Each structure stands twice: as structure tokens, then as C-alpha cells.
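Scroll down for the structure; my scribbles are underneath it.
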Amino acid sequence: MAAASFIPLRSSSSFPSPSQSSRPFSPQLISVSKNIRFTVKASTSIDYSAPSISPSVSKTKPGSWKWKVDGNSVNIHFERLEKQGAADQPQKNILLVPTISDVSTVEEWRIVAEEIVGKNGGINWSATIVDWPGLGYSDRPKLDYNADVMERFLVDFIRAPDSPISNFVADNEYVVFGGGHAATIAVRAMKNGFLKPKAIAAVAPTWAGPLPIVFGKDSNMETRYGLLRGTLRAPAVGWMMYNVLVSNEKAIQSQYKSHVYADPDNVTPSIVESRYALTKKKGARYVPAAFLTGLLDPVNSREEFVELFAGLEGRVPVLVMSTSGAPKRSKAEMEALRGAKGVSEFVEVPGALLPQEEYPKVVAEKLYRFLVENFELKA
């Protein structure tokens with residue numbers, strides 16, 4: 001189902017300790033990648049093995065867009081990656097949406113985006129990575145966050161008249177890549193007819209928050225979730241609880257080594273430090289309080305989860321990317337999509353809950369193959 005947030009509730013609390021976690025944030029800078037040339041042979045097979053020299057990838061300065069919601073103006077952080085010297089090629093844009101967690105940020109998708117944008121192919125791919133409201137480098141106001149609010153944000157970011165990417169998604173010439181809950185929220189928006197991308201890739205998709213995935217959603221548990229959520233949002237005691245349970249490096253390191261990354265050796269001090277810094281931002285606890293207690297869950301059951309994807313049957317290509325090292329409960333939900341209606345391709349990659357950051361080049365290769373097979377070979 002879902003990756004959990006970094007709130008390891010002890011056995012002395014109202015809840016047993018949940019076993020899942022959330023996604024990381026990488027401090028790595030973007031650099032020009034070595035590109036991989038594909039050649040289409042008579043059999044239409046693709047050779048990705050031969051390196052080629054491509055135009056350089058340019059990263060524009062990070063941008064900020066004001067999202068208007070319920071009388072609030074929220075500064076939204078986004079980044080653009082483009083390829084220089086390829087203006088004569090057909091152009092399409094990829095929107096990459098981070099997973100939702102205490103430490104969600106655009107950083108998790110940067111290497112994947114740079115790898116794909118740097119490819120030499122028949123289409124000039126550009127990329128936009130955006131932070132959710134309340135997470136990453138976006139503002140973190142005290143809104144009543146829920147799945148509807150997050151879906152509304154995603155739709156507004158793409159469709160609003162003043163959207164910073166309006167020129168790049170004209171005529172729906174864009175593709176969505178999302179991780180965790182982000183993927184499922186995007187699929188829900190597509191099923192509801194609010195978004196109409198040409199394709200979508202769901203990377204380690206999830207649908208249930210850390211507590212609901214372990215303890216369910218009966219009325220008794222919902223009452224407890226509400227009490228915990230209210231405490232975390234409170235002015236004084238909320239910060240105290242959040243700082244004790246979440247905002248400490250030992251807890252973050254433990255979570256990443258246990259199930260966010262598949263290989264504990266990949267969890268470096270710099271990763272832990274960068275994620276710790278995210279938990280210290282003003283307003284950092286509001287979205288995690290909603291995510292932890294299930295308010296950001298786009299559906300309420302596995303059946304609804306599978307049905308969401310079924311709603312895309314025959315409409316667009318849909319790639320689901322599972323991971324070999326995902327926690328047991330999360331893995332079961334990903335596997336429920338294997339062979340499911342609406343899923344045109346199902347693949348498995350190394351990793352746990354954040355493969356796009358732990359194994360970015362592997363993920364990028366799978367995603368690029370998906371793009372080639374559905375756009376470049378059909379062009």
C-alpha cells in the first residue's frame with residue numbers, strides 16, 4: 001500500500017509501531033550525463049548500449065509559482081530541464097511528481113530527469129519537476145490537507161491559465177511520472193477527466209498512509225487518527241511531538257535503512273542530513289500529519305486502487321514499476337496491479353520505496369524505453 005512517514009510511534013502510544021516509511025531527498029547536483037543512443041533495426045528492437053554525444057542538458061533556475069487556494073497564495077517550487085540544440089525535433093514534456101512524505105522533494109527525480117532529457121532520440125524531451133504544497137521547497141502553510149486538495153493542486157499546476165508550464169503542455173503533449181501516492185493521485189485525476197496526458201508511469205505506487213496500511217480504517221481507528229493529527233497540528237505540543245518522533249537524524253537513518261532504500265549501504269550521512277534539514281522547515285509537520293493518518297489516501301481499499309487503473313483502459317499507455325525490495329504490505333499492493341486492467345506494462349526494478357532516487361539510472365532506462373516504445377517508434 002503505502003510508504004510511511006517518519007513518525008515511529010512507540011508501543012507505549014495509542015498505536016503499535018508502523019513498519020513503513022517514506023521517501024528520500026538527494027543533494028546531488030545535476031550534471032551533463034553520458035547519453036545512450038538507440039538504433040531501430042529491422043526487427044524494431046532497440047539497442048541502448050552504444051554511447052553517443054548529445055546536446056547538453058541545461059537546468060533553468062528554480063522557479064516559483066503562486067498557487068491560489070481557498071484565499072491563500074502558496075509559493076510552489078519547480079525546476080525545468082531542457083536539452084540545448086534540439087529545437088528542430090518534435091517536443092514533448094515530462095512532469096515528474098515526487099512521492100509524498102516528510103522529506104518529499106524535487107531532488108528525488110533530478111537524476112532520472114537529467115538522464116532522459118539527455119538522450120538522443122527522435123523526440124526532444126524536456127522535464128518539469130514540482131514540489132507539492134507543504135513539502136520540499138514549496139511553502140508549507142497550515143491548510144486542511146487531504147487527497148482532494150492535492151489532486152486539485154496537481155490539476156491547477158498543469159491547467160491554470162497562469163501555469164508556468166502551460167506552454168509545455170499545450171494540446172496535452174505531456175507525460176506524467178509519479179512515485180508513491182503521487183502516482184495514484186495523478187491516476188485518479190486522469191480517471192475523473194481532469195488531466196489528459198499522453199501516458200503515465202506509476203513508480204512504486206501506493207494508496208494507503210502509514211497508519212491505515214497497518215491498522216486499517218475502521219471508525220475506532222479513524223477516531224485515534226484524528227486525535228493524533230490534531231495533536232501534531234497544535235501550535236506547541238505539535239512541534240514538540242514532531243521534533244521528538246520525526247526531526248532527528250537517528251530516526252531518519254533507521255527508516256531509510258530498514259525499508260525506504262533496499263540497500264542500507266546506500267544511505268549516506270549526506271542523505272540523512274539533507275532529509276533532516278527538510279523536517280526543520282517552518283510548517284513541516286502539517287502535510288505529514290495528514291499523510292500519516294490517511295487523509296491523503298486517494299482511495300480506501302485495494303479494490304478501489306485497482307479500479308482506478310482500470311478506468312484508464314484503452315485511453316493511454318500506463319506503466320507500473322514495482323520494486324524487488326519493497327516492504328511486504330506495499331509490495332502486495334504493487335503486485336495487485338500486475339496484469340490488471342488498464343495497466344499496459346508492468347516491470348520490476350531494484351529498490352524499495354524510492355527506486356527513482358536509490359537506483360535512478362535503472363529507473364531512467366525503464367522509463368525511457370517506455371517513452372520510446374509508445375512515442376518515438378510510433379512517430
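Given the structure is predicted, the values throughout are model-derived calculations rather than measurements. Computed over heavy atoms, backbone and side chain alike; hydrogens, waters and symmetry mates excluded.
Counting non-hydrogen atoms of other residues, nucleotides and ligands closer than 6.0 Å to NZ of K341 gives a total of 12 or fewer. The number of heavy atoms from other shown groups lying within 6.0 Å of NZ (K361) does not exceed 12.
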Exercise. Under the salt bridge (Lys or Arg N to Asp or Glu O under 4.0 Å) rule, what do R110 and E114 come out as? Steps first, then yes or no, please.
Key: CA-CA 6 Å; R110 278 185 181 168; E114 189 265 340; over 6 Å; no
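The ring pair (Phe, Tyr, Trp, His ring centres under 6.0 Å) analysis of residues 111-130, with sequence neighbours excluded, yields the pairs W125-F375. Applying the side-chain hydrogen bond (donor to acceptor under 3.5 Å, both in side chains) rule to pairs touching residues 306-320 yields nothing, sequence neighbours excluded.
Without hydrogens or angle criteria, R159 side chain to F194 main chain gives a donor-acceptor distance under 3.5 Å. For the pair E345 (side chain) and L319 (backbone), a donor-acceptor distance under 3.5 Å is absent. At least one donor-acceptor pair under 3.5 Å links the side chain of S258 to the backbone N or O of S254. With hydrogens and angles disregarded, no donor-acceptor distance shorter than 3.5 Å links the side chain of W65 to the backbone of F157. In terms of modelled atom types and a separation under 3.5 Å, the side chain of R285 and the main chain of V246 share no donor-acceptor contact. Listed for the K257 side chain is no donor-acceptor partner under 3.5 Å among the backbone atoms of D265. No donor-acceptor pair closer than 3.5 Å links the side chain of D297 to the backbone N or O of N300. E79 places no side-chain N or O within 3.5 Å of a backbone atom of T128 that could act as its donor or acceptor partner. Side-chain N or O atoms of T293 include one that pairs as donor or acceptor with a backbone N or O of A289 at under 3.5 Å. Side chain of E358 to backbone of A262: a donor-acceptor contact under 3.5 angstrom is found.
The aromatic rings of F291 and H181 lie perpendicular to each other, with more than 60° between the two planes, well past the 30° mark. Ring geometry for Y256 against Y261 counts as perpendicular: the plane angle is over 60°, on a 0 to 90° scale with 30° as the lower cut.
K66 is linked by a side chain to side chain donor-acceptor pair (under 3.5 Å) to N75, counting only residues two or more places apart in sequence or in another chain. Not a single ring pair (Phe, Tyr, Trp, His ring centres under 6.0 Å) links W109 to another residue, sequence neighbours left out. When the side chain to side chain donor-acceptor pair (under 3.5 Å) test is applied to S138, no partner is found at least two apart in sequence or on another chain. Under the side-chain contact (heavy atoms from CB on, under 4.5 Å) criterion, R188 pairs with A147, D148, E151, N192, P298, L308, sequence neighbours left out. Not counting sequence neighbours, the partners of K281 by the side-chain contact (heavy atoms from CB on, under 4.5 Å) test are Y137, R140, L278. In this structure K280 satisfies the side chain to side chain donor-acceptor pair (under 3.5 Å) test together with S247, sequence neighbours excluded. Under the salt bridge (Lys or Arg N to Asp or Glu O under 4.0 Å) criterion, R152 pairs with D70, D156, not counting sequence neighbours. Every residue two or more places apart in sequence or in another chain that forms a side-chain contact (heavy atoms from CB on, under 4.5 Å) with V316 is listed here: M190, V318. Applying the side-chain contact (heavy atoms from CB on, under 4.5 Å) test to P141 and every residue at least two apart in sequence or in another chain returns V74, D139, L143, Y145.
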Which donor-acceptor pairs under 3.5 Å do side chains of residues 165-178 form with protein atoms, sequence neighbours excluded?
| from | atom 1 | to | atom 2 | distance (Å) |
| --- | --- | --- | --- | --- |
| S166 | OG | S163 | O | 3.2 |
| E173 | OE1 | K92 | NZ | 3.3 |
| Y174 | OH | K196 | N | 3.4 |

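N266 is listed as a side-chain neighbour of Y359, based on a closest heavy-atom distance under 4.5 Å.
Under the 3.5 Å distance criterion, with hydrogens and angles disregarded, a donor-acceptor pair is assigned to the side chains of R80 and N93.
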